[in-house]
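What follows is a short report on a single structure.
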Amino acid sequence: MTRLVNLLSPARVMWRVEVSSKKRIFELAAEQIAEVEPDLSDDDIYTQLLAREKLGTTGLGQGVAIPHCRVEGCAQPLGCLITLDQAIPFDAPDNVPVDLLFVLLVPLEATQEHLDILAELAGRFSDPAYCSALRNAHSSADLLDSAVHSEAA
């Protein structure tokens, strides 16, 4: 089991971001990740996230999305947890706009690990109490704390 504390860092948590589109949140996430992960290119992250999304929505429903992709130069799986100030359309199966995202990047060769982490994240984010705790965070630090400490529950 991959714990969120191993996937996240304070620099990869974005609280109450103001965006109007899926592309813009991918762009901001890519910039944020590349800023603190010097081996990764924001252009490559953005391109890979868009390419994956074109295969089918990463919106899970109930306002949650887990955009994910494999990225060259990514040494280990990492995530970026994001809440939005206003939910945005995401083509989720239930057509509910998304306000809670976990962007997951994995190494190119991490096929099974990628699937295992996605399954864990989908399970965790299908818990309404967990999502409510994240949505009710009052800062980026509070969001990170809620994410990593609520996972044991």
Side-chain angles (χ1 to χ4, degrees), residues 1-37 40 42 44-71 74 77-106 110 113-153:
M1 178 169 119
T2 301
R3 296 183 45 86
L4 284 183
V5 71
N6 297 331
L7 296 174
L8 291 172
S9 75
R12 292 193 311 268
V13 174
M14 302 167 70
W15 175 73
R16 299 203 49 143
V17 176
E18 292 185 32
V19 296
S20 58
S21 71
K22 194 187 301 192
K23 285 184 177 181
R24 183 66 181 131
I25 196 60
F26 289 170
E27 185 176 51
L28 286 175
E31 289 169 0
Q32 185 77 14
I33 293 166
E35 187 174 307
V36 295
E37 301 293 333
L40 302 179
D42 60 335
D44 191 30
I45 295 167
Y46 176 72
T47 300
Q48 295 305 320
L49 286 171
L50 280 180
R52 168 54 192 88
E53 198 67 23
K54 286 181 181 177
L55 297 174
T57 185
T58 55
L60 300 181
Q62 300 180 6
V64 175
I66 305 177
H68 57 277
C69 62
R70 293 185 184 96
V71 178
C74 186
L78 60 87
C80 182
L81 179 61
I82 305 166
T83 60
L84 302 180
D85 191 44
Q86 297 288 323
I88 59 172
F90 221 87
D91 303 316
D94 62 1
N95 291 318
V96 172
V98 164
D99 68 339
L100 181 57
L101 300 97
F102 191 98
V103 177
L104 175 67
L105 306 183
V106 296
E113 185 178 22
H114 184 178
L115 297 175
D116 293 345
I117 294 170
L118 280 175
E120 289 175 32
L121 289 171
R124 185 168 290 136
F125 283 93
S126 69
D127 177 358
Y130 183 76
C131 292
S132 180
L134 299 180
R135 288 183 171 113
N136 290 323
H138 299 291
S139 66
S140 291
D142 189 31
L143 178 58
L144 177 59
D145 187 58
S146 294
V148 300
H149 290 102
S150 297
E151 72 178 324

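Hydrogens, waters and symmetry mates are skipped; everything else that's a heavy atom, side chains included, is used.
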request  = Could you tell me whether Q86 atom CD has more than 12 heavy atoms of other residues or ligands within 6.0 Å of it?
outcome  = no
ask   = Does a side-chain heavy-atom distance below 4.5 Å link E113 with V106?
value = no
message = Could you report the tightest heavy-atom contact between L143 and L134, atom names first, then the distance?
response = CD1-O, 3.5 Å
request  = Please report the closest heavy-atom contact between F90 and P67, naming both atoms and the distance.
outcome  = CZ-CG, 4.1 Å
task = State, yes or no, whether a side-chain contact exists between L81 and L100 at a heavy-atom distance under 4.5 Å.
result = yes
T58, V103, I25 screened by side chain to side chain contact (heavy atoms under 4.5 Å, CB included) with L49, the one that passes = V103
query = Looking only at heavy atoms, what is the nearest atom pair of P93 and G61, with distance?
reply = CD-N, 4.3 Å
query = Which atom names give the shortest non-hydrogen contact between R135 and Q62, and what distance separates them?
reply = NH2-O, 2.9 Å
query = C131 and V64: which non-hydrogen atoms are nearest, and at how many Å?
reply = SG-CG2, 3.9 Å
inquiry  = Are the side chains of R70 and Q48 in contact, using a 4.5 Å heavy-atom criterion?
reply    = no
query = Does the side chain of V17 come within less than 4.5 Å of L84's, by heavy atoms?
reply = yes
message = Can you tell me if E27 has over 12 outside heavy atoms packed within less than 6.0 Å of its CD?
response = yes
